[in-house]
Structures are given as structure tokens and as C-alpha cells.
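Notes for the one structure printed next.
When a ligand or atom number is given, it counts from 1 through the structure's own listing order.
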Amino acid sequence: MKTVWVTGGSSGLGLHTAAALRRDGWQVIAGARSFGDETAEDGTIRLPLDVTREESVKEFCRRAAQIALPDALIQCAGILVLGSCEETETEEFRKVIDTNYLGMVRMNREVLPLMRKRGGGKIVLFSSINGLLGIPFQSAYTASKHAIEGYAECLALEVKPFGIQVMLVEPGDHRSGSDKYRPHAAAMNGHSPYAAAYESAVAQIAHDEHNGSDPDVLGRKIARTLDRKRIPFRKRIASPDQHLAVYIHKLLPAKLNEAILRKYYIRKKSS
Ligand SMILES: NC(=O)c1ccc[n+]([C@@H]2O[C@H](COP(=O)([O-])OP(=O)(O)OC[C@H]3O[C@@H](n4cnc5c(N)ncnc54)[C@H](OP(=O)(O)O)[C@@H]3O)[C@@H](O)[C@H]2O)c1
């Protein structure tokens, strides 16, 4: 039986991906802060993990390795803070980067030696469409996902000789995430100079996510892909209009892109 370690396995896309892998016969060891030491009904082994804490990452990897070394590592742990660039506190930026990006770095630093010794493995990093283009009031999240994109390119180049493959998953909106991982920046309120634009953009973001794609389908796609001998470097799992948005973002001049995205997210009263 092959073994996969999954971070952020308690909610959203991580939970759905872990479930799909279990159904496909993988042994799944999942980590999240809210896990104790338990085995889920479907057989998923759950261990506590906080990817922002070095000791917690080491302890998770030590204990998971005692159960089974990873054939694959899937990194889904992530948070988002909604707020303007001006009003999002440095500490709020730091928390998002620390979880989404440095969390992956910490996990990989522990897992890479294990995979090298075994002669290979697969590392799946959850980026986002926001790893490819920016949208208003998600700058901390967008910056963290852009960091992941650049980091993954470097990683793939370095680890290929050791038989380790890297895959970036770039999901579009999925109706999976929990609002508790999408707090508003502390300073965002009715008195913000960005209040009207913010309200409009946040409503559009929530609408798109609530009407997003099926997370179970994403889980199954990842499970199928992981079964292949060779996995692609990029796997975009998004609706046709989000594929199109990425495509035109690459093609169009920046000013035109800006106009399109402003019109989409920032409507009516705001300038
Ligand atoms: N949902 C979407 O539409 C969408 C779109 C594009 C990309 N993504 C990406 O997909 C991934 C999952 O997002 P989601 O929205 O589906 O899930 P979510 O419901 O927001 O869940 C976030 C997960 O991350 C875990 N987590 C947060 N901070 C953590 C930490 N410090 N250490 C360990 N685990 C931590 C949470 O578990 P605990 O609280 O128990 O620790 C939870 O399992 C993220 O990387 C996200 O950026 C999602």
C-alpha cells in the first residue's frame, strides 16, 4: 500500500483530497492543528500539525515516519486574510506567508531527505489561480501563492535527479473552504477609505466561492493524477471562465487586465 502525507487535512480541499486517496487505497496520514491522535472512520490517520511551528512539523514527520514513509506529500494547509494592502497589518501578512508558503518550506525540508533516501517521491503543493494573477483585497494570500509558484520551479529543478517529482495544483474557486480561514483584516471597517470597493469585492469573492466547483471532483482528479508514473508540473483545476482569465492575463497588456478585473470586482459607488 502506498502512503501519502497530507497537510491541512481537516477541512476543504485537503479533506476531500485525503478522502479520495483513501478510497483509492492509499494509506493517508493527515495533519492539522485541530487533530489530536485519532483515526477517522475511513481509516485516515490524523496527527496534530501546525506548519508555522518548526517543532510541530518535526514531531509530525517523526511520528508519521514511524507509521510509514511517504510516497507522496500533499500540502494543502492554507489561510487567507481579506483586506486592503494599506490596512492589512504586517503581522497579518506575516501569518499568511508563514502558513501558506513557509509552512510548505518547513515540511519539505523534513520530507526531502526521507524521499531522497528512498530514491523518489511526489510532492504536491497547493497554489491557486491567485498564484498566477492578483485580485483586489487578497494581497497577502496572492503574494503567498506567487511565492509558492516561484519556489516550486526551483524545487522541481533541484530534486529531479533524486527521482522526486513536484506538482503545483492551481485550483479555481471551489465550494469547500471554511469562512473561519478567511478573516477580515482587523482594520477593515465602515470607516475604511476602501469600504465601498472592499464590500463589492468581498461579495464577489464570496459569491464565486459559494458557486465554485465541486471539491470532491478535485480530490478525485488529484488521486488519479498521483497514480501516474509521471505527474505534470502544473495542474490547474478550475472552471472554463477561470482558465480563460489566466489565459487572457498572460496575453493582454497590464492596463487592460487591470480594467477587466476592476470592473469584475469593484462595482458601482467606488471610484
Ligand atoms: N477553496 C478554494 O476555492 C481554493 C481555491 C484555490 C486554492 N485553494 C487552496 O487550497 C488549500 C485548502 O483550502 P480550502 O479553502 O479548501 O480549505 P480551508 O477550509 O480553508 O482549510 C484550511 C486547512 O488548512 C489547515 N491549516 C490552517 N492553518 C494551519 C497551520 N498553521 N498548520 C496546519 N494546518 C493549518 C486547516 O486546519 P486546522 O485549522 O485544523 O489547522 C484546514 O485543514 C489552501 O492552500 C488554499 O489556498 C483553495
Side-chain angles (χ1 to χ4, degrees), residues 5-20 28-36 38 40 44 46-61 64 73-82 92 94-107 110 124-133 135 138 140-149 151-152 167-183 204-219 221-222 234-239 242-243 245-246:
W5 296 2
V6 181
T7 75
S10 66
S11 170
L13 299 180
L15 179 64
H16 285 272
T17 303
V28 179
I29 305 176
R33 292 166 304 177
S34 55
F35 287 162
E38 63 234 2
T44 298
R46 296 170 164 178
L47 298 175
L49 169 67
D50 182 344
V51 296
T52 66
R53 292 179 43 238
E54 207 87 35
E55 327 80 69
S56 171
V57 168
K58 283 186 193 299
E59 182 62 6
F60 171 86
C61 293
L73 167 68
I74 304 188
Q75 300 223 47
C76 299
I79 56 166
L80 182 150
V81 170
L82 293 160
E92 291 170 323
R94 199 193 312 275
K95 197 168 169 203
V96 174
I97 303 276
D98 202 16
T99 306
N100 298 5
Y101 169 52
L102 292 177
M104 286 184 179
V105 172
R106 290 186 189 97
M107 283 298 298
E110 295 301 315
V124 177
L125 305 176
F126 266 63
S127 174
S128 164
I129 294 290
N130 293 111
L132 305 164
L133 56 87
I135 65 172
Q138 286 201 12
Y141 180 80
T142 297
S144 74
K145 295 296 181 180
H146 275 67
I148 292 165
E149 292 274 333
Y151 166 82
M167 178 166 85
L168 275 168
V169 174
E170 294 161 341
D173 287 310
H174 281 75
R175 45 179 193 279
S176 62
S178 160
D179 285 346
K180 78 173 170 182
Y181 301 112
R182 289 143 180 71
Q204 189 62 52
I205 290 164
H207 171 273
D208 290 347
E209 214 172 288
H210 292 142
N211 293 284
S213 308
D214 182 348
D216 201 42
V217 172
L218 177 141
K221 281 185 179 165
I222 293 178
R234 275 206 167 78
K235 188 151 187 70
R236 198 163 302 148
I237 305 178
S239 61
Q242 289 186 323
H243 275 282
V246 173

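- Among His16, Arg33, Arg175, Lys95, the residue whose heavy atom lies nearest to atom 30 (C) of ligand 1 is Arg33.
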Q.
Would Arg236 and Ile129 count as a side chain to side chain contact (heavy atoms under 4.5 Å, CB included) here? Give the steps.
A. CA-CA 8 Å; Arg236 198 163 302 148; Ile129 294 290; 3.8 Å; yes

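- Here is the list of ligand 1 atoms found below 4.0 Å of a heavy atom in Thr52: 31 (N).
- With hydrogens and angles disregarded, no donor-acceptor distance shorter than 3.5 Å links the side chain of Ser127 to the backbone of Glu149.
- More than 12 heavy atoms of other residues, nucleotides or ligands shown are found within 6.0 angstrom of NZ on Lys235.
- For Ala152 against Leu125, the heavy-atom pair with the smallest separation is CB-CD1, 4.0 Å.
- The backbone N or O of Asp173 sits less than 3.5 Å from a side-chain atom of Gln242, completing a donor-acceptor pair.
- Cys61 is listed as a side-chain neighbour of Met107, based on a closest heavy-atom distance under 4.5 Å.
- Remark: ligand 1 and Gly8 share an N or O pair separated by less than 3.5 Å (distance only, no angle test).
- Which parts of ligand 1 touch Phe126 is read off a 4.0 Å heavy-atom cut-off, strictly below it: atoms 10 (O), 11 (C), 45 (O).
- In terms of heavy-atom proximity, Val6 sits nearest to Cys76 at CG1-SG, 4.4 Å.
- Contact between Thr7 and ligand 1 is absent, with no heavy atom of the residue lying under 4.0 Å from the ligand.
- Residue contact check: Ser10 has heavy atoms under 4.0 Å from atoms 36 (C), 37 (O), 38 (P), 40 (O), 42 (C), 43 (O) of ligand 1.
- Judged purely by atom type and a 3.5 angstrom limit, Arg106 uses its side chain to pair as donor or acceptor with the backbone of Val51.
- Side-chain atoms of Gln75 come within 3.5 Å of backbone N or O of Met104 as a donor-acceptor pair.
- Heavy-atom proximity to Gly12, at under 4.0 Å, picks out these atoms of ligand 1: 16 (O), 17 (O), 19 (O).
- Residue contacts with ligand 1 include Gly172, since one or more of its heavy atoms lies under 4.0 Å from the ligand.
- Ranking the protein heavy atoms by distance from atom 33 (C) of ligand 1 puts Leu49 O, 3.2 Å first.
- Remark: the backbone N or O of Asn211 is not paired with any side-chain donor or acceptor of Arg175 at under 3.5 angstrom.
- Of all non-hydrogen atoms in Thr142 and Leu133, the two that sit nearest each other are CG2-O, 3.9 Å.
- Within ligand 1, the atoms closer than 4.0 Å to a non-hydrogen atom of His174 are 1 (N), 2 (C), 3 (O), numbered from 1 in the order shown.
- Only the backbone of Ser127 comes within 4.0 Å of ligand 1, judged by heavy-atom distances.
- In this structure, the side chain of Ser144 engages the main chain of Tyr141 through a donor-acceptor pair within 3.5 Å.
- The shortest heavy-atom distance from Lys145 to ligand 1 is under 4.0 Å.
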Q: Take Gln204 and Ile135, measure what side chain to side chain contact (heavy atoms under 4.5 Å, CB included) needs, and give me the verdict at the end.
A: CA-CA 11 Å; Gln204 189 62 52; Ile135 65 172; over 6 Å; no

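- Atoms of ligand 1 found under 4.0 Å from any heavy atom of Asp173, numbered from 1 in the order shown, are 3 (O).
- The closest approach between a heavy atom of Arg182 and any atom of ligand 1 is below 4.0 Å.
- For the pair Cys76 and ligand 1, a heavy-atom separation below 4.0 Å is found.
- At least one heavy atom of Ser176 sits under 4.0 Å from some atom of ligand 1.
- When each atom of ligand 1 is checked for a heavy atom of Asp50 under 4.0 Å away, the hits are 30 (C), 31 (N), 32 (N).
- Residue contacts with ligand 1 do not include Ser213, since none of its heavy atoms lies under 4.0 Å from the ligand.
- The closest donor-acceptor contact from the side chain of His174 to the backbone of Asp216 lies at 3.5 Å or more, if one exists at all.
- Atom 34 (N) of ligand 1 has its closest protein heavy atom at Ala77 CB, 3.5 Å.
- Atom 36 (C) of ligand 1 has its closest protein heavy atom at Tyr181 OH, 3.3 Å.
- Contact analysis leaves Phe35 out of contact with ligand 1, as no non-hydrogen atom separation drops below 4.0 angstrom.
- Applying the 4.0 Å criterion to heavy atoms of Tyr141 picks out, from ligand 1, the atoms 6 (C), 7 (C), 8 (N), 9 (C), 46 (C), 47 (O).
- When only interatomic distances are considered, the shortest N/O to N/O separation between Leu13 and ligand 1 falls below 3.5 Å.
- The distance criterion of under 3.5 Å between nitrogen or oxygen atoms is met by Ser11 with respect to ligand 1.
- For ligand 1, the polar-atom distance check finds no N/O of Thr99 at less than 3.5 Å from any of the ligand's N/O atoms.
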Q.
Between Phe126 and Ile222, does the side chain to side chain contact (heavy atoms under 4.5 Å, CB included) criterion hold? Intermediate values first, please.
A. CA-CA 11 Å; Phe126 266 63; Ile222 293 178; 3.5 Å; yes

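- There is no protein heavy atom closer than 4.0 angstrom to atom 13 (O) of ligand 1.
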